[in-house]
2 protein chains.
Amino acid sequence: MFKLSKKVEYGLIALRHMALVDTITTAKEIATHYQIPFDLLAKVMQKLAKTKIIISHQGIRGGYKLAGSANNISVMSVIQAIEGHIPGIVQCIDEGLENCSIHQNCTIRDPLHKVQKNLESTFINLKVSEIV
Amino acid sequence: MFKLSKKVEYGLIALRHMALVDTITTAKEIATHYQIPFDLLAKVMQKLAKTKIIISHQGIRGGYKLAGSANNISVMSVIQAIEGHIPGIVQCIDEGLENCSIHQNCTIRDPLHKVQKNLESTFINLKVSEIV
DNA sequence: TATTAATACGACTTATTAAGTCCGTGAGTT
DNA sequence: AACTCACGGACTTAATAAGTCGTATTAATA
Ligand code: SF4
Ligand code: SF4
């Protein structure tokens with residue numbers, strides 16, 4: 001419960017790495033350096049590339065590099081890129097009210113949605129550059 | 001990812017209910033009223049009873065009632081009671097550093113632990129009485 | 001132009017956790 | 001004694017997360 005996914009952790013580690021080295025870097029390099037499963041990291045980086053957080057170069061001598069400055073990348077945008085959406089702390093935020101079987105009787109929705117907003121701004125304000 | 005468990009949601013709903021009615025209430029009552037699976041709710045309430053958040057009365061005409069005022073019950077204490085521990089946003093908080101296979105190379109631990117503390121105080125400051 | 005080393009992407013399998021169920025025991029009231 | 005509640009462990013099922021595999025595509029370079 002309440003855990004960041006490994007994919008997000010791997011993504012953050014990779015981004016921090018790229019923020020430091022500045023040169024173009026391959027997924028393989030990062031995977032071996034940090035002992036991260038290559039296939040998994042590769043897909044994470046593809047997600048980050050698709051949302052333009054990093055820029056990819058195919059072909060031999062290819063790899064990835066940051067698209068912009070690390071202090072313009074919020075951790076929330078990273079999460080959203082990797083997970084495909086902003087994760088909700090309760091089901092109804094992700095799937096809509098109707099999908100919760102007890103939403104008719106739910107009494108705790110509003111306060112939890114406030115917690116959600118609180119949480120979101122924490123991750124919006126946290127930038128990759130602060131991941132030291 | 002990052003979801004509150006249903007058990008915690010059920011617990012909060014139950015606590016709010018008890019905060020309102022004030023009289024002794026059975027798990028069955030709450031389960032049918034809110035359409036919550038009885039067996040599951042029952043175990044949740046037992047956990048809350050064991051940690052003295054609510055007081056149980058066995059036997060016929062038994063049930064539960066709040067042990068104290070709702071504004072003295074933090075949502076964090078409820079989570080801890082139900083889950084058995086304070087949940088961490090990353091593995092190493094729950095299971096210790098050694099259990100993470102890449103902890104030797106992890107670069108993002110410290111900032112994430114700060115997020116954890118931030119999150120914890122959010123739930124510590126949030127009281128059941130605010131769950132309106 | 002053939003080779004090579006990289007990304008791209010979907011399908012698949014396995015592992016872990018969450019959610020829900022079942023069943024018997026113990027306690028207190030009438 | 002009977003009834004109805006809490007107690008608690010074992011179990012099953014469902015959902016999600018983590019990891020793997022196969023194949024296609026792209027571009028530098030020898
Ligand atoms: S129980 Fe309430 S807060 Fe939880 S998912 Fe259902 S509607 Fe949302
Ligand atoms: S990768 Fe780092 S932050 Fe994540 S669990 Fe391992 S040590 Fe903790």
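Letters A, B, ... mirror the listed sequences (proteins, then strands); counts begin at 1.
Rounded to whole angstrom, the span from the NZ atom of A:K6 across to the P atom of C:dT14 amounts to 22 Å. Going from atom CG of A:L4 over to atom C1' of D:dT16 covers 15 Å, rounded to whole Å. Rounded to whole angstrom, the span from the CG atom of A:D94 across to the P atom of C:dA18 amounts to 16 Å. In this structure, CD of B:Q35 is placed 16 Å from C1' of C:dG20, rounded to the nearest angstrom. The distance from atom CE of A:M1 to atom P of C:dA19 is 9 Å, rounded to the nearest whole Å. A:L41 places its CG atom 12 Å from the P atom of C:dA8, with the value rounded to the nearest Å. Rounded to whole Å, the distance from CG on A:L40 to C1' on C:dA8 is 15 Å. Regarding A:I36, its CD1 atom lies at a distance of 16 Å from the C1' atom of D:dT20, rounded to whole Å.
Along DNA chain C, the nucleotide closest to B:Y10 and the one closest to B:E95 are compared, and the more 5′ of them pairs with B:E95.
Using a cut-off of 4.0 Å between Lys/Arg side-chain N and Asp/Glu carboxylate O, A:K117 and A:E120 are scored as salt-bridged.
A:L66 is not connected to A:I24 by any chain of hydrophobic side-chain contacts under 4.5 Å among Ile, Leu, Val, Met, Phe, Trp and Tyr, and they are in different clusters.
The main-chain N or O of B:S129 is never found under 3.5 Å from a side-chain atom of B:N71 such that the two would form a donor-acceptor pair. Proximity of a side-chain donor or acceptor of A:H57 to a complementary backbone N or O of A:I55 within less than 3.5 Å is not detected. A:E95 contributes no side-chain N or O that, together with a main-chain N or O of A:C100, makes up a donor-acceptor pair within less than 3.5 Å.
Contact annotation for A:F2: no contact, since no heavy-atom pair falls under 4.0 Å across all strands.
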Base versus backbone protein contacts along nucleotides 3-13 of chain D [heavy-atom cut-off under 4.0 Å; B, S, -]
BBBBBB-B---
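When the ring-ring contact (aromatic ring centres under 6.0 Å, His included) test is applied to A:H33, the partners found at least two apart in sequence or on another chain are A:H17.
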